[in-house]
Amino acid sequence: MSYIKKLIPSKIKQFLSLFLQFVHDFRMYYKHSSVFTKNTYEKIESEITLRYHSIEKGFLHNPIRPRFAKKRVEDLIKLIKQIDLNKYCYNIQIQSALLNMCKYYEFHTEKSIDISDYYLKSDYESYKTLLVYKTNPIKHHSLDSFFQFKNSNFRDFSISRASVRSFTGEKINVDDLHKVIELANQAPSVCNRQPVNVHLIENKILIDTILELQGGLKGYSANLSQLIVLTSDRNFFYSAGERYQLYIDGGIYLMNLLYALHFYGIVACPAHWGMPYQADIKMTDLLNLKNSEQIISLIAIGVPTNEFNTTLSLRKSSNENLFIHN
Ligand SMILES: Cc1cc2nc3c(=O)[nH]c(=O)nc-3n(C[C@H](O)[C@H](O)[C@H](O)COP(=O)(O)O)c2cc1C
């Protein structure tokens with residue numbers, strides 16, 4: 001058998017290996033992602049997260065639209081019923097959902113807006129009894145308070161970064177952006193290959209076309225005048241095992257870029273690129289990218305309004321995701 005293996009040219013072996021890796025990835029994603037089944041707590045939790053996050057983003061609008069995210073609220077009521085609250089209600093994502101649902105109900109009650117056709121008082125009262133985090137799901141900032149820790153120790157600096165979606169439309173000058181990218185370029189990458197490229201888009205029509213295609217920043221982009229498109233170049237990767245390394249290097253770079261922007265007093269909001277390949281083809285065309293470039297993420301950047309809100313976006317405690325294997 002090993003004799004036959006030696007006779008197969010290495011290129012064919014690599015080809016077969018790449019094919020088998022993708023078949024395996026396909027099976028794993030088919031079986032375990034929530035695309036086809038909703039059969040685990042984690043899957044339901046992620047459905048809940050998606051919806052409460054829409055609600056917390058809805059609170060960022062000024063003025064807040066009455067009865068906003070109605071479908072999300074209806075879905076959340078059903079989803080919360082599907083989980084064992086005795087077991088999971090203190091998990092942070094469930095607490096976040098309860099917090100947003102309570103705030104949603106209270107906001108409408110304060111404004112005397114009737115939502116009883118889709119959200120009953122009895123549901124609100126049951127959520128309220130389970131709620132531990134009695135805080136506002138929205139954080140208010142002034143420009144100074146938001147950046148007060150930008151020269152502090154890493155803990156304070158890191159915690160003070162948040163996604164900002166309120167822009168004035170004023171542009172960051174390109175010299176400052178060079179400084180940001182010099183710092184972001186300190187990100188580690190596999191064998192120091194540095195496969196990431198940063199494309200800065202300043203043409204408003206192009207920005208709007210890209211955001212229309214992506215869909216994740218709807219309602220927040222009217223005053224957005226600069227958008228970064230982060231790509232990772234496949235030319236730098238050379239084995240089937242490395243097929244997703246471009247995303248890992250891209251993800252690490254994205255985080256470093258968000259920190260670099262924060263350090264230089266520039267606000268940002270990453271926007272996902274979890275898109276089908278047809279959207280990649282469109283973007284390659286629109287931005288004249290190399291065919292080998294894979295989009296990792298979009299990042300809206302800019303100068304914020306003097307006062308703005310960000311979502312609370314509570315994080316898990318380490319008890320929820322640190323597993324010690326002795
Ligand atoms: C890869 C990635 C993609 C994201 N996509 C979007 C998006 O499409 N729209 C949006 O409003 N926020 C998006 N976000 C921002 C997240 O909602 C945000 O990071 C999360 O709620 C945590 O909040 P924070 O960044 O303020 O700490 C994205 C964040 C990341 C890291």
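All ligand and atom numbering here is 1-based and tracks the order in the structure. None of these values were measured; they are calculated from a predicted model. Below, all heavy atoms of this structure are taken into account, side chains as well, without hydrogens, waters or symmetry copies.
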Apply the test salt bridge (charged side-chain N to carboxylate O under 4.0 Å, His left out) to residues K179 and D175: give CA-CA distance (whole Å), side-chain angles for both, the deciding distance (0.1 Å), then the verdict. CA-CA 7 Å; K179 286 188 206 149; D175 288 343; over 6 Å; no
Could you check whether the rings of [X] and [Y] sit parallel, tilted or perpendicular, using 30° and 60° as the cut-offs?
X    : Y    : value
F36  : Y30  : tilted
F68  : F107 : perpendicular
F157 : H262 : tilted

Residues in the immediate environment of ligand 1 (any heavy atom closer than 4.0 angstrom):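 Under the 4.0 Å cut-off, ligand 1 touches H53, K57, R161, A162, S163, R165, Q214, G216, L217, C269, P270, A271, H272, S313, R315.
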Surrounding CD of E212 (heavy atoms of other residues, nucleotides or ligands, distance under 6.0 Å), is the total greater than 12? no
Set of residues satisfying ring pair (Phe, Tyr, Trp, His ring centres under 6.0 Å) with respect to Y220, sequence neighbours excluded: H61
